[in-house]
Amino acid sequence: MTVAVIQFGGSNCDRDSVRALSHLGIDAERVWYEDGLPTDATGVMLPGGFSYGDYLRAGAMAARTPILDEVREAAADGVPVLGVCNGAQIGCEAGLTPGAFTINESARFQCERVHVRVENADTPWTRAYDEGDVLSLPIAHGEGRFEANDETYDRLVSEDRIFLRYCDEDGAVTDDANPNGSRGNVAGVLGDRETVAVMMPHPERATLPDLDGTDGAGLLRGFESALAVR
């Protein structure tokens with residue numbers, strides 16, 4: 001497979017993402033957003049960064065570029081799509097997943113290591129784990145607080161589409177373990193198809209052994225698992 005890692009002006013995790021995917025044996029290439037989605041792309045990653053300087057809202061401008069029309073079409077055809085950090089904001093703004101990511105409760109940029117609990121292990125992105133597993137992953141965002149109205153949130157819960165929640169190191173989902181004030185400690189959600197997902201923590205920064213842990217590797221292997229359910 002070939003994962004297209006889409007680069008916008010202000011992206012800063014595109015090279016990290018390609019390196020992490022390549023380390024796992026997954027072919028990946030950076031794609032400049034103006035060049036359009038390659039016809040041979042069998043996966044799409046929207047990486048982290050500060051596309052368009054986070055003007056208006058984080059991810060709002062990138063979500064309205066023509067390549068996102070192509071990404072939505074690909075997602076509807078079953079092509080796996082993963083948005084990480086700024087890519088998660090873009091994914092929500094583009095309607096790939098419900099809800100929105102907004103300013104952290106602390107009103108400041110936060111760059112730290114957090115714990116997340118696997119809520120649903122029956123997705124392509126979490127198949128390498130068991131339900132309840134606790135992962136250690138980095139975050140780096142100023143607008144990572146997940147919000148959704150009651151109807152949307154209840155639907156995500158009832159459809160088991162919240163696949164990661166912030167927790168403490170023992171797996172307890174508490175207010176103190178919530179780094180940004182996300183509703184329900186949400187760290188990752190699925191789209192209408194389980195092959196589409198967005199998350200705020202950075203799995204690509206927890207994949208290479210020399211970068212202090214490999215807990216994120218299984219999440220990136222979701223690109224391979226997603227192909228089996230297309």
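Computed from a predicted structure; not experimentally measured.
Considering all non-hydrogen atoms of both residues, L21 and A28 come closest at CD1-CB, 3.8 Å. When every heavy atom of L68 is checked against every heavy atom of A62, the shortest pair comes out as CD2-O, 3.5 Å. Listed here is the closest heavy atom pair of A41 and A4: CB-CB, 4.0 Å. Shown here for R113 and A206, the closest heavy-atom pair between the two residues is NH2-CB, 3.9 Å. Here the closest non-hydrogen pair linking Y52 and Y55 is O-CD1, 2.7 Å. A74 and L37 get closest at one heavy-atom pair: CB-CD2, 4.0 Å.
Under 4.0 Å is where a charged nitrogen must lie from a carboxylate oxygen, and between E204 and R19 no such pair does.
Just one residue in the list N178, T152, D150 forms a side chain to side chain donor-acceptor pair (under 3.5 Å) with R183, and that residue is D150. Of the residues H141, R145, E143, E105, the one that meets the side chain to side chain donor-acceptor pair (under 3.5 Å) test with N180 is H141. Each of V31, V5, I6, L46 was scored for a side-chain contact (heavy atoms from CB on, under 4.5 Å) with D14, with one residue passing: V5.
A donor-acceptor pair is defined here as one N or O able to donate and one able to accept, closer than 3.5 Å; such a pair exists between the side chain of N86 and the backbone of S51. Formation of a donor-acceptor pair under 3.5 Å by the T42 side chain with backbone atoms of T2 is found in this model. Not one N or O on the side chain of E147 forms a donor-acceptor pair closer than 3.5 Å with the backbone of T102. In this structure, N120 contributes its side chain and F163 its backbone to no donor-acceptor pair below 3.5 Å. With hydrogens and angles disregarded, no donor-acceptor distance shorter than 3.5 Å links the side chain of D170 to the backbone of A172. Not one N or O on the side chain of R165 forms a donor-acceptor pair closer than 3.5 Å with the backbone of E119. Side-chain atoms of T97 never come within 3.5 Å of backbone atoms of V196 as a donor-acceptor pair (strictly under, hydrogens ignored). A side-chain donor-acceptor contact under 3.5 Å links D168 to the backbone of G171. Without hydrogens or angle criteria, E93 side chain to A63 main chain gives no donor-acceptor distance under 3.5 Å. In terms of modelled atom types and a separation under 3.5 Å, the side chain of Y129 and the main chain of G218 share a donor-acceptor contact.
Within the 4.5 Å cutoff, the side chain of L137 has no heavy atoms near those of the R205 side chain. Looking at heavy atoms from C-beta onward, P201 lies in side-chain contact with V116 at the 4.5 angstrom threshold. The closest side-chain heavy-atom distance from V186 to L156 is not below 4.5 Å. P38 is listed as a side-chain neighbour of E29, based on a closest heavy-atom distance under 4.5 Å. Taking 4.5 Å as the limit, every side-chain heavy atom of R30 sits out of range of all side-chain heavy atoms of P47.
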Give the intermediate values and the outcome of side-chain contact (heavy atoms from CB on, under 4.5 Å) for residues F8 and M61.
CA-CA 10 Å; F8 299 92; M61 295 179 71; over 6 Å; no

Does L219 form a side-chain contact (heavy atoms from CB on, under 4.5 Å) with L135? I'd like the steps, not just the answer.
CA-CA 10 Å; L219 293 160; L135 312 180; 4.2 Å; yes

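The aromatic rings of W125 and F223 sit perpendicular, their planes meeting at an angle over 60°, well past the 30° parallel limit.
In this structure, V71 is a member of the same hydrophobic cluster as W32, with clusters built from ILVMFWY side-chain heavy atoms closer than 4.5 Å.
By the neighbour-count criterion of 12 heavy atoms within 6.0 Å, atom CZ of R15 is sparsely surrounded, having that number or fewer from other residues, nucleotides or ligands. Summarising the local packing, CG of L24 is surrounded by more than 12 heavy atoms from other residues, nucleotides or ligands at distances under 6.0 Å. Counting heavy atoms of neighbouring residues, nucleotides and ligands inside a 6.0 Å radius, atom CG of D40 exceeds 12 of them. In this structure, E112 places its CD atom where more than 12 heavy-atom neighbours from other residues, nucleotides or ligands lie under 6.0 Å away. Heavy-atom contacts from other residues, nucleotides or ligands closer than 6.0 Å to CZ of F109 number more than 12.
The line from CG of L208 to CG of D16 is 8.5 Å long, rounded to the nearest 0.5 Å. Atom CD1 of I90 and atom OG of S11 lie 6.5 Å apart (nearest 0.5 Å). Taking CG of D133 as the start and CZ of R117 as the end, the distance is 11.0 Å to the nearest 0.5 Å. The CD1 atom of I162 lies 4.5 Å from the OH atom of Y153; values are rounded to the nearest 0.5 Å. Atom-to-atom distance recorded for F50:CZ and Q89:CD is 9.0 Å, nearest 0.5 angstrom. Rounding to the nearest 0.5 angstrom, the gap separating the CG atom in L190 from the OG1 atom in T126 is 7.5 Å.
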